[in-house]
**Q** 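I have a structure I would like to understand better, so I am pasting it below and will then ask my questions one at a time.
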Amino acid sequence: MIIGVPKEIKNNENRVALTPAGAQELIKRGHTVYVQSTAGEGSGFLDSEYESAGAKMLPTIEETYEIAEMIMKVKEPIEPEYKLIKENQLVFTYFHFASYEPLTKAMIESKAVCLAYETVEKEDRSLPLLVPMSEVAGRMSVQEGAKYLEKPLKGRGILLGGVPGVRPAKVLILGGGVVGTNAAKMAAGMGADVTIMDVSLPRLRYLDDVMPANVNTFMSNEYNIRELITTHDLIIGAVLIPGAKAPNLITRDMLKDMRPGTVLVDVAVDQGGCIETCKPTTHQDPTYIIDDVVHYCVANMPGAVPYTSTLALTNATLPYAIQLANKGWKKACQENEELKLGLNIINGEVVYKAVAETFNLPSTDVSKFLN
Ligand SMILES: NC(=O)C1=CN([C@@H]2O[C@H](COP(=O)(O)OP(=O)(O)OC[C@H]3O[C@@H](n4cnc5c(N)ncnc54)[C@H](O)[C@@H]3O)[C@@H](O)[C@H]2O)C=CC1
Ligand SMILES: CC(=O)C(=O)O
Ligand SMILES: [Mg+2]
């Protein structure tokens, strides 16, 4: 198969979808890998390293899209890329369709095959291609939150861990999945007073077992959220309903009940956010203020730590990319239920129910394309 790896063009997105080591694994199996020149630079991989691994370099994004049967990317295609995507081309990347209708419409029009990292799902319901980036974003959410709690950055001016004789900050985490667990570990390690909320009682039981003593669990419901937001300094949004728009757990009217300088980090922004006032921001301009509450809503948090993130992401994606390249997407998805669940849009038809429902679009049973 011919595989193309374009350079990411989203703001401050320095990750790349394939390392030289990954390119070598595909090439070894008889595939051809084209990488857009300088695509790996932000993650510390030089063109010469890809060439040594056997990849061919292309000077432009247009040529990279034009030649490839499978495009491997990190972030969702953005406007200038829409017209480069071709009928029947397999695009393997994060899409987060439910958060952005124009992307959904553009991919329907492209008639490409869109296989979304974030909905590839294992039998135990875990999301193997989201997990590594959720680990990164969860850990980062605390270091970013701690920074924006500083007064010059418009926060309350409270030190996360406190000092002897002064209480630490209070951190509230909405959603105790991968992002939430990693955030809790970091915040607890820094000495904060941490509460994790989730709707799943088994999950709360598990977290109660494994977390240190400065982490408490609490059932997630509107009543409890309204109570806790009045006393917490850093609130991290980390809920997920796979494929769907995140529920608005913090509504506009709740902001007035928070203390001035409270910091909200809505990691779930890529699924539309779990805070009503969440709007996607960039690493260049990560925050905005509403009602004296600082909002941090960067949709590609791991892009800021590309050395860690590219390696973590490609460790997870490569085994799936090899299956797709060896067998073609149809056979690979027929034989691997996990990959099959990654199919979101095929040849103009939405095959992932939650995406179709979000935009009131008709949904087609994926089996139509796999028989
Ligand atoms: N902004 C960024 O750069 C990044 C964003 N993300 C996003 O972070 C979000 C969370 O991802 P993961 O932790 O991997 O998901 P996950 O599936 O591991 O965890 C989600 C948790 O939310 C819980 N939940 C669902 N509804 C809830 C509610 N009403 N109240 C409280 N908890 C609720 C679930 O029970 C589950 O435990 C996703 O939207 C993901 O795409 C992930 C990586 C990077
Ligand atoms: C998961 C995701 O959206 C990211 O890594 O940017
Ligand atoms: Mg994202």
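Both ligands and their constituent atoms are indexed starting at 1 by order of listing.
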**Q** Report yes or no: does Val298 have a heavy atom closer than 4.0 Å to ligand 1?
**A** yes
**Q** Does ligand 2 have an atom under 4.0 Å from some heavy atom of His96?
**A** yes
**Q** Non-hydrogen atoms of Ala299 versus ligand 2: any pair closer than 4.0 Å?
**A**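 Right, Ala299 reaches ligand 2.
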**Q** Using the salt bridge (charged side-chain N to carboxylate O under 4.0 Å, His left out) rule, collect all pairs that involve residues 309-332, keeping only residues at least two apart or in two chains.
**A**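 Found Lys327-Glu335, Lys331-Glu335.
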**Q** Taking distance alone, with no angle check, do Met301 and ligand 1 share an N/O pair under 3.5 Å?
**A** yes
**Q** Regarding Lys279 and the six-membered ring of Tyr288, is the cationic atom NZ or CZ under 6.0 Å from the ring centre and inside 45° of its axis?
**A** yes
**Q** Is ligand 1 under 4.0 Å from a heavy atom in the side chain of Asn300, in the backbone, in both, or in neither?
**A** backbone
**Q** Which value, rounded to the nearest 0.5 Å, describes the distance between Leu234 atom CG and Leu172 atom CG?
**A**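 Those atoms lie 9.0 Å apart.
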**Q** Less than 4.0 angstrom from a charged side-chain N to a carboxylate O is my criterion; do Glu150 and Arg156 meet it?
**A** no
**Q** Could you give me the CA-CA distance, side-chain angles and deciding distance for Ser134 and Asn182, then say whether side chain to side chain donor-acceptor pair (under 3.5 Å) is met?
**A** CA-CA 8 Å; Ser134 292; Asn182 279 275; over 6 Å; no
**Q** Going by the atom numbers of ligand 1, which of them fall below 4.0 Å from some non-hydrogen atom of Gln271?
**A** 39 (O)
**Q** Below 4.0 angstrom, N of the basic side chain to O of the carboxylate: do Lys368 and Glu349 qualify?
**A** yes
**Q** So, are Lys10 and Glu76 salt-bridged, with charged N and O less than 4.0 Å apart?
**A**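 A salt bridge links Lys10 with Glu76.
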**Q** With a 3.5 Å cut-off and no angle check, do the side chains of Thr38 and Glu41 form a donor-acceptor pair?
**A** no
**Q** Could you tell me if any non-hydrogen atom of Ala299 lies under 4.0 Å from any atom of ligand 1?
**A**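 Contact present.
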**Q** Could you tell me whether some N/O pair between Asp198 and ligand 1 is separated by less than 3.5 angstrom?
**A**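 Min N/O separation from ligand 1 is below 3.5 Å for Asp198.
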**Q** For Leu313, which part has a heavy atom under 4.0 Å from ligand 2: side chain, backbone, both, or neither?
**A**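 Neither; nothing of Leu313 gets under 4.0 Å from ligand 2.
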**Q** Measure from atom 19 (O) of ligand 1 to every heavy atom in Gly138, Gly177, Ala183 and give the option owning the shortest one.
**A**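 Comparing heavy atoms across Gly138, Gly177, Ala183, the nearest one to atom 19 (O) of ligand 1 lies in Gly177.
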**Q** Using a 4.0 Å cutoff against the non-hydrogen atoms of Asn300, which atoms of ligand 2 qualify?
**A** 6 (O)
**Q** With a 4.0 Å heavy-atom cut-off (strictly under), which part of Leu240 contacts ligand 1: side chain, backbone, both or neither?
**A** both
**Q** Is Gly180 close to ligand 1, meaning an N/O of one under 3.5 Å from an N/O of the other?
**A** no
**Q** Look at atom 3 (O) of ligand 2 and find which of Met133, Lys75, Glu76 reaches it with the closest heavy atom.
**A** Lys75
**Q** Going by the closest heavy atom to atom 10 (C) of ligand 1, which one wins out of Pro202, Gly273, Ala238, Ser99?
**A**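 The option holding the nearest heavy atom is Ala238.
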**Q** Can you list the atoms of ligand 1 that are under 4.0 Å from a heavy atom of Met133?
**A** 43 (C), 44 (C)
**Q** Under 3.5 Å, is there a donor on one side chain and an acceptor on the other for Asn14 and Glu8?
**A**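 No, because no side-chain N or O of Asn14 sits under 3.5 Å from a partner of the opposite role on Glu8.
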**Q** Going by the rule ring-ring contact (aromatic ring centres under 6.0 Å, His included), which residues pair with Phe359 if we only count those two or more places apart in sequence or in a different chain?
**A** none
**Q** Give yes if a backbone or side-chain nitrogen or oxygen of Ser220 is under 3.5 Å from a nitrogen or oxygen of ligand 1, and no if not.
**A** yes
**Q** Considering only heavy atoms, does Glu118 approach ligand 1 within less than 4.0 Å through its side chain, its backbone, both, or neither?
**A** neither
**Q** Identify which of Val136, Val179, Ile173 has a heavy atom lying nearest to atom 13 (O) of ligand 1.
**A**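 Looking at heavy atoms only, Val179 sits closest to atom 13 (O) of ligand 1.
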**Q** For ligand 1, which part of Ser134 has a heavy atom less than 4.0 Å away: the side chain, the backbone, both, or neither?
**A** both
**Q** Which of the numbered atoms in ligand 2 are below 4.0 angstrom from a heavy atom of Leu130?
**A**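 Once the distances to Leu130 are compared, the set is 1 (C).
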**Q** If I apply the N/O under 3.5 Å rule, does Arg203 come out as touching ligand 1?
**A** no
**Q** May I ask whether Met301 has any heavy atom positioned less than 4.0 angstrom from an atom of ligand 2?
**A**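 In this structure, Met301 fails to qualify as a contact of ligand 2 - no heavy atom is under 4.0 Å.
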**Q** Based purely on interatomic distance, does Val267 place a nitrogen or oxygen under 3.5 Å from a nitrogen or oxygen of ligand 1?
**A**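 Yes, since at least one N or O of Val267 sits under 3.5 Å from an N or O of ligand 1.
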**Q** Using a distance-only test with no angle check, is there a side-chain donor-acceptor pair under 3.5 angstrom linking Gln284 and Asn11?
**A** yes
**Q** Is it the case that the side chains of His96 and Gln271 hold a donor-acceptor pair, with the cut-off being a distance below 3.5 Å and no angle test?
**A**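 Yes.
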**Q** Within the 3.5 Å criterion, strictly below it, is a donor on Asp270 or Ser99 matched to an acceptor on the partner's side chain?
**A** no
**Q** Looking at His96, which atoms of ligand 1 are within less than 4.0 Å of one of its heavy atoms?
**A**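 Counting from 1, the qualifying ligand atoms are 41 (O).
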**Q** What atoms of ligand 1 come closer than 4.0 angstrom to any heavy atom of Leu249?
**A**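 Listed by number with element, the hits are 28 (C), 29 (N), 30 (N).
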**Q** Testing Ile346, Leu341, Leu370, Val113 one by one against Cys333 for a side-chain contact (heavy atoms from CB on, under 4.5 Å), which residue passes?
**A** Leu370
**Q** Phe92 and Tyr117: aromatic ring centres closer than 6.0 Å?
**A** yes
**Q** Is Asp292 salt-bridged to Lys154, going by a charged N under 4.0 Å from an acidic O?
**A**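 Not counted as a salt bridge, because no side-chain N and carboxylate O are separated by less than 4.0 Å.
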**Q** With nothing but distance in play, are any N or O atoms of Val269 less than 3.5 Å from an N or O of ligand 1?
**A**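 No.
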**Q** Taking N or O atoms only and a 3.5 Å limit, does Glu13 qualify as a polar contact for ligand 2?
**A**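 No: no nitrogen or oxygen of Glu13 is under 3.5 Å from one in ligand 2.
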**Q** With the threshold set at 4.0 Å, does a side-chain nitrogen-carboxylate oxygen contact exist between Asp291 and Lys256?
**A**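 No, no charged N to carboxylate O under 4.0 Å.
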**Q** Touching ligand 2 at all, Glu118? Heavy atoms, strictly under 4.0 Å?
**A**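 Flag not set, Glu118 not near ligand 2.
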**Q** Ligand 1 versus Leu130, non-hydrogen atoms closer than 4.0 Å: side chain, backbone, both, neither?
**A**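 The side chain, only.
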**Q** Indicate, as side chain, backbone, both or neither, the part of Arg15 found under 4.0 angstrom from ligand 2 when only non-hydrogen atoms are considered.
**A** side chain
**Q** In terms of side-chain geometry, is the basic nitrogen of Lys105 or Glu109 positioned less than 4.0 Å from the acidic oxygen of its partner?
**A**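 Salt bridge absent between Lys105 and Glu109.
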